[in-house]
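All remarks here apply to the structure that follows.
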Amino acid sequence: MAEIAAPRGTKDILPAESTAWRWVLETHRRVAESFGYRPIETPIFESTELFARAVGADTDIVEKQMFTFEDRGGRSLSMRPESTAGVTRAVVGARLDQEIRPVRVHYAGPMFRAERPQAGRQHQFTQLGIECIGERSPALDVEIVECAWRFFGELRLTGLHLQVNSLGDADDRGHYRAALVAYYTPFRSRLCDDCKRRLESNPLRLLDCKKDADLVEAAPMIQESLSAHSTRFFDDVQAGLTAARIPAEVNPRLVRGLDYYADTVFEVWHEHLQGAQNALGGGGRYDGLAELLGLPATPGTGYALGVERILIVARQLGLAPAPEASSDVLVCSVEPAQIDGAAAAARGLRASGARVVLDVSDRRLDRKLRAADRLGARAAVIVGEQEVAAESAVVRDLVARSQQTVPNAELGEAVERILR
RNA sequence: GUGGCCAUAGCUCAGCUGGUUAGAGUGCCAGGUUGUGGCCCUGGAGGUCGCGGGUUCGAAUCCCGCUGGCCACCCCA
């Protein structure tokens, strides 16, 4: 029989890695909640239309990276490739912004993109992020960047680079797109194949090209196309970031792939990550998104960060915590005959809150104690023939290498003394 | 989606230009201890050599296809 493996582009998070995962997720939850963000969960699949309208029908993500399927009624559904669209649908759909504005939510969960997997890029990956919905203010853009930055600071990640830019509103971007097309069209024949394609599909992406760097150098800047109010808004964001002492660098050529972005965008990347997978995350403002979804116009801003990539960097820097011991106490019998007595002792100890493993093997006692070491247990409780007869147990301190025989009634106390 | 490299025990890997029953380290199990651990000694189990086809007297080794991983593009987390 052929062995069934995990699907291409997916990874299991095995117990040995769960400590590091919990560290990242818990740290983010703590930081986000310190800014007053509350947890939210939305479905991992949504109607395909949601992403087509929010992310953009002619973006790579929607065109070729979504896992799309039909339900039994023939409706087209897609595994979520990102979560801002779903969270906006949920928050504005429930009219939460009519109660407390802005609505601050944080989340963590799986996202899906059908791109060719490689290190730091999977079909199923995990993002954590926050969204702040219902108010348009440069101070809120500063807030989300500050939250992301504090999160990385709590993890003690170094070697990070933070870049910000403004894309203006939809009109500004339209003008800018036209300006770019006008600038590039005369050079059409000398453009690389990718850029020829970009010129048609997504002119903003022309700025990402490394081959035609000389053209990018002289290309018009988005700043020149920004309206007065967008310029002012971005100035305020920059001033706020400076006041918060966040080392953000303005990159006039930073663009983000999703259609819903407007005004502020930012990206965090790491110098240690290989080539194209160096982005740890990013975000920005999406004031037009709710309207695209047919909902009341509602401004919003937020970010998403890639957990797997954060862990790659954290491991490289030696920051990821080692797996922690899974138990405090190992309880075993000397011989199989005393297993019931050992089980009773374990039951009592668990009731008092300790993490207790019952060794049910028929191995020799020395192997059982060896197992206790491997589990990281600090105490062992041993029940043999004599102990059963005397209604007692041997309580051994595995660190101090000392032990005593105690009556069953005092077992909990004796173990607690060792664990304390 | 395009191109390149790779795939041998649970893990890390060796196996030269095709040639007897495919190895090491580590991990696992057992013995060394008639009821006491992290070290040590001895032994054992464990491999459809990723899968399928082909060439050959003979394939882990050469060829083709598939699957998966990694890397570079594309793009992004």
Side-chain angles (χ1 to χ4, degrees), chain A residues 1-11 14 16 55 59-65 80-84 108-129 148 192-195 197-198 201-202 205 208-211 255-258 267-270 273-283 303-313 330 332-335 337-338 359 361-388 393-403 405:
Chain A
M1 279 265 268
E3 188 174 327
I4 295 180
R8 177 178 167 82
T10 66
K11 274 205 168 81
L14 300 173
V55 177
T59 57
D60 279 10
I61 288 178
V62 169
E63 260 182 1
K64 47 193 193 191
Q65 295 179 8
R80 61 184 185 190
E82 60 93 54
S83 64
T84 301
M111 306 294 155
F112 304 84
R113 289 185 202 173
E115 266 252 275
R116 182 102 144 213
Q118 66 190 73
R121 181 202 283 166
Q122 297 160 208
H123 282 171
Q124 176 177 337
F125 60 102
T126 311
Q127 280 188 341
L128 42 77
C192 69
D193 290 346
D194 286 330
C195 281
R197 192 172 44 74
R198 289 177 180 126
S201 61
N202 199 344
R205 285 266 149 235
D208 284 339
C209 188
K210 284 125 206 157
K211 293 175 197 150
V255 292
R256 304 218 82 222
L258 316 186
E267 219 163 76
V268 180
W269 51 281
H270 195 275
L273 279 179
Q274 279 303 308
Q277 271 77 247
N278 62 2
L280 289 182
Y303 66 72
L305 312 173
V307 177
E308 287 83 357
R309 289 184 185 179
I310 290 170
L311 281 168
I312 289 172
V313 173
L330 180 123
C332 64
S333 61
V334 174
E335 290 138 4
Q338 297 98 37
D359 190 328
S361 73
D362 52 4
R363 286 177 293 194
R364 297 189 322 212
L365 185 55
D366 63 327
R367 308 292 177 183
K368 291 174 182 169
L369 290 170
R370 203 181 281 182
D373 286 326
R374 281 197 307 263
L375 289 169
R378 281 170 293 157
V381 171
I382 304 163
V383 179
E385 205 176 352
Q386 298 160 34
E387 287 76 20
V388 170
V394 173
V395 176
R396 181 166 178 81
D397 185 327
L398 293 170
V399 180
R401 305 179 78 91
S402 62
Q403 67 183 42
T405 302

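In what follows, chains are A, B, ... by sequence order, proteins preceding strands, each numbered from 1.
Spacing between atom CD of Glu267(A) and atom P of C76(B) amounts to 8 Å, rounded to whole angstrom units. Residue Gln122(A) contributes atom CD, which lies 12 Å from atom C1' of G69(B) at whole-angstrom precision. Atom CD of Gln124(A) is separated from atom P of G68(B) by 16 Å (rounded to the nearest Å). Atom CG in Asp362(A) sits roughly 12 Å away from atom P in C29(B) (whole-Å rounding). Counting to the nearest Å, the P atom of G37(B) and the CZ atom of Arg363(A) are 14 Å from each other. A straight line from NZ of Lys368(A) to C1' of U36(B) spans 11 Å, rounded to a whole angstrom.
Expressed to the nearest 0.5 Å, how far CD of Gln65(A) lies from CD of Glu115(A) amounts to 4.0 Å. How far CG of Leu369(A) is from CZ of Arg364(A): 11.5 Å, rounded to the nearest 0.5 Å.
A heavy-atom distance below 4.5 Å is not found between the side chains of Leu280(A) and Leu305(A).
Residue Asp397(A) is the one, among His123(A) and Asp397(A), whose nearest nucleotide of RNA chain B lies closer to the 5' end (criterion: closest heavy atom).
Among the heavy atoms of the strands, none lies under 4.0 Å from Glu82(A). Within the 4.0 angstrom heavy-atom criterion, base atoms lie near Gln386(A). Base contact: Ile382(A) has a heavy atom under 4.0 Å from a base atom. Within the 4.0 angstrom heavy-atom criterion, base atoms lie near Leu398(A). Residue contacts for Gly9(A): at a heavy-atom cut-off of 4.0 Å it reaches the sugar-phosphate backbone alone, with no base atom in range. Across all strands shown, Val307(A) has no heavy atoms under 4.0 Å from either base or sugar-phosphate atoms.
Side-chain atoms of Glu308(A) come within 3.5 Å of backbone N or O of Thr126(A) as a donor-acceptor pair. The closest donor-acceptor contact from the side chain of Arg8(A) to the backbone of Arg116(A) lies at 3.5 Å or more, if one exists at all.
Considering only side-chain atoms of Val334(A), the nucleotide from G37(B), G35(B), C70(B) that sits closest is G35(B). When distances run from any side-chain atom of Glu387(A) to the nucleotides C70(B), G35(B), C75(B), the shortest one goes to G35(B).
Annotation: U12(B) and U17(B) have their P atoms spaced 24 Å apart (nearest Å). Straight-line distance between the P atoms of U67(B) and C51(B): roughly 15 Å, to the nearest whole Å. A distance of about 9 Å separates the C1' atoms of U8(B) and G15(B), rounded to the whole Å. To the nearest whole angstrom, the two C1' atoms, one in A30(B) and one in G65(B), are 45 Å apart. The separation of A59(B) from C16(B), taken at their P atoms, amounts to 16 Å, rounded to a whole angstrom. Comparing C76(B) with C63(B), their P atoms sit 38 Å apart, to the nearest whole Å. When the C1' atom is used for both A7(B) and A14(B), the distance is 15 Å, rounded to whole Å. Taking atom P on both G19(B) and G25(B), the two are 24 Å apart, rounded to the nearest angstrom.
Counting all heavy atoms, side chain and backbone alike, Ala372(A) lies closest to Leu330(A) at CB-CB, 3.8 Å.
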Which atom pairs link the protein and nucleotides 32-34 of chain B when you take only N or O atoms and keep those under 3.5 Å?
unit_1, atom_1, unit_2, atom_2, d
G32(B), OP2, Arg364(A), NH1, 2.9
U33(B), O4, Asp366(A), OD2, 3.2

Could you write out each protein N or O paired with an N or O of nucleotides 1-6 of chain B at a distance under 3.5 Å?
unit_1, atom_1, unit_2, atom_2, d
G3(B), O6, Arg116(A), NH2, 3.0

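Put simply, the side chain of Glu385(A) and the base of G35(B) share no donor and acceptor less than 3.5 Å apart.
Scanning RNA chain B for stems, defined as runs of 3 or more consecutive Watson-Crick or G-U wobble pairs whose donor-acceptor distances all fall under 3.5 Å, gives the following ranges: B:1-7 with B:67-73, B:10-13 with B:23-26, B:28-32 with B:40-44, B:50-54 with B:62-66.
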